[in-house]
Amino acid sequence: MYEKYLIFSILGRQYTFPSRFIGEIALFDAVYPLPLVPAYVLGVINRYSIPYALFDMSLMLFNTPGPRNKVLVLKDDIDRIAFLIDDVSDIADVPQEELFAVEQNAEMVSAAFSWNGDDVFVLDIQRILSQITVEEEIL
């Protein structure tokens with residue numbers, strides 16, 4: 001069984017989400033800051049008159065701010081969240097048997113696969129959303 005993945009870069013490393021979670025890719029535009037939120041929450045962006053919380057994936061993964069290039073917007077039925085990414089690299093159809101376990105950033109990465117000579121890390125959207133929810137409750 002194959003799954004389609006959108007591959008994108010964050011600080012020179014390749015990451016992905018299954019494409020079924022992705023609503024759109026947009027250029028970075030105006031962000032409206034929010035008070036009293038974790039540093040990785042840059043604020044709110046406006047997509048078709050709907051507010052989306054914008055998270056800096058570079059800060060979440062590496063504690064380093066990333067360039068403000070592109071925004072990956074999740075589908076509304078998941079949550080109104082968008083992630084700041086460097087750029088989109090490719091779309092890949094990957095057989096499930098080619099996924100392998102990884103230790104790097106294990107709290108956010110569920111697996112990896114090889115693509116064009118690089119390891120691509122599959123981000124676990126449910127773990128990321130759970131971490132965000134826990135940190136919101138602490139605040």
Side-chain angles (χ1 to χ4, degrees):
M1 181 168 146
Y2 286 82
E3 179 143 26
K4 193 172 291 289
Y5 292 91
L6 177 78
I7 302 170
F8 51 90
S9 58
I10 301 171
L11 295 180
R13 295 173 184 93
Q14 301 295 316
Y15 289 90
T16 187
F17 282 124
S19 61
R20 69 179 186 273
F21 297 133
I22 299 167
E24 71 172 307
I25 307 296
L27 292 174
F28 179 81
D29 199 7
V31 61
Y32 303 96
L34 295 171
L36 306 172
V37 294
Y40 62 80
V41 181
L42 299 180
V44 175
I45 60 170
N46 182 353
R47 301 299 305 152
Y48 311 107
S49 298
I50 299 171
Y52 287 82
L54 180 62
F55 297 89
D56 186 336
M57 289 301 298
S58 300
L59 278 172
M60 291 180 81
L61 292 167
F62 305 109
N63 208 23
T64 301
R68 296 181 175 206
N69 293 336
K70 298 217 170 103
V71 175
L72 188 150
V73 181
L74 296 183
K75 287 186 175 177
D76 280 350
D77 59 343
I78 297 170
D79 211 338
R80 290 201 174 142
I81 292 178
F83 295 105
L84 189 63
I85 61 172
D86 298 357
D87 204 359
V88 173
S89 304
D90 209 343
I91 296 175
D93 282 323
V94 179
Q96 291 299 102
E97 61 269 10
E98 289 188 16
L99 296 176
F100 55 87
V102 294
E103 306 260 338
Q104 177 186 358
N105 290 319
E107 67 278 355
M108 290 192 211
V109 174
S110 62
F113 59 88
S114 293
W115 186 256
N116 295 335
D118 286 326
D119 285 340
V120 178
F121 300 100
V122 180
L123 294 170
D124 187 321
I125 191 67
Q126 298 307 323
R127 288 185 200 168
I128 293 170
L129 294 176
S130 294
Q131 177 181 336
I132 293 167
T133 302
V134 167
E135 289 182 10
E136 284 176 352
E137 290 173 358
I138 292 171
L139 294 174

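Computed from heavy atoms alone, side chains included, the values below leave out hydrogens, waters and symmetry copies. Computed from a prediction, not measured in an experiment: that's the story for all the values here.
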Intermediate values then yes/no, ring pair (Phe, Tyr, Trp, His ring centres under 6.0 Å), F17 and F83: CA-CA 11 Å; F17 282 124; F83 295 105; 5.6 Å; yes

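- Of all the heavy atoms in A112 and V102, the pair that sits closest is CB-CG1, 3.4 Å.
- Pairing each heavy atom of P33 with each of V31, the nearest pair is CD-O, 3.5 Å.
- Within the model, atoms CZ of F8 and CG of L123 stand 5.0 Å from one another, a figure rounded to the nearest 0.5 Å.
- Using a 4.5 Å cut-off between side-chain heavy atoms of Ile, Leu, Val, Met, Phe, Trp and Tyr, with links allowed through other members, V41 and M108 fall into the same hydrophobic cluster.
- Here the straight-line distance linking atom CG of L99 with atom CD of Q96 works out to 5.0 Å at 0.5 Å rounding.
- With rounding to the nearest 0.5 angstrom, the CG atom of D79 is 10.0 Å from the OH atom of Y52.
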Between L74 and I81, is a side-chain contact (heavy atoms from CB on, under 4.5 Å) present by the stated rule, with each step listed? CA-CA 6 Å; L74 296 183; I81 292 178; 4.2 Å; yes

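- Between the side chain of T16 and the backbone N or O of L6 there is at least one donor-acceptor pair closer than 3.5 Å.
- L27 and I85 are assigned to two separate hydrophobic clusters, defined by single-linkage of ILVMFWY side chains at heavy-atom distances under 4.5 Å.
- In this structure, the separation between CG on L34 and CG on L54 is 10.0 Å, given to the nearest 0.5 Å.
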Please step through side-chain contact (heavy atoms from CB on, under 4.5 Å) for the pair F121 and I10, ending with a clear verdict. CA-CA 11 Å; F121 300 100; I10 301 171; over 6 Å; no

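- Of the possible donor and acceptor atoms, none in the side chain of D118 sits under 3.5 Å from a partner among the backbone N and O of V120.
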Apply the test side-chain contact (heavy atoms from CB on, under 4.5 Å) to residues L72 and I22: give CA-CA distance (whole Å), side-chain angles for both, the deciding distance (0.1 Å), then the verdict. CA-CA 7 Å; L72 188 150; I22 299 167; 4.0 Å; yes

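- Minimum interatomic distance between Q14 and S9 (heavy atoms only, all atoms of both residues): NE2-CB, 4.0 Å.
- Within 6.0 Å of OH in Y32 there are 12 or fewer heavy atoms belonging to other residues, nucleotides or ligands.
- Y5 is not listed as a side-chain neighbour of W115, based on a closest heavy-atom distance of 4.5 Å or more.
- Here the side chain of R68 pairs no donor or acceptor atom with the backbone of L84 at under 3.5 angstrom.
- D93 approaches P95 most closely through the heavy-atom pair O-CD, 3.9 Å.
- A single hydrophobic cluster is not seen to contain both I7 and V73; linkage of ILVMFWY side chains at heavy-atom distances under 4.5 Å, directly or through other members, places them apart.
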Could you please spell out the steps behind the side-chain contact (heavy atoms from CB on, under 4.5 Å) verdict for R13 and F62? CA-CA 11 Å; R13 295 173 184 93; F62 305 109; 3.3 Å; yes

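- Rounding to the nearest 0.5 Å gives a distance of 4.0 Å between CD1 of I128 and CE of M57.
- Hydrophobic clustering of Ile, Leu, Val, Met, Phe, Trp and Tyr side chains at less than 4.5 Å, counting indirect connections, unites F21 with F55.
- Side-chain contact annotation: D86 with Y15, donor-acceptor N/O pair under 3.5 Å absent.
- Closest non-hydrogen pair, S114 versus F100, comes out as N-CE2, 4.0 Å.
- Hydrophobic clustering of Ile, Leu, Val, Met, Phe, Trp and Tyr side chains at less than 4.5 Å, counting indirect connections, unites V88 with I125.
- Within the model, atoms CD1 of I25 and NZ of K70 stand 8.5 Å from one another, a figure rounded to the nearest 0.5 Å.
- In terms of heavy-atom proximity, E97 sits nearest to M1 at OE1-N, 4.4 Å.
- The main-chain N or O of S58 is found under 3.5 Å from a side-chain atom of D56 such that the two form a donor-acceptor pair.
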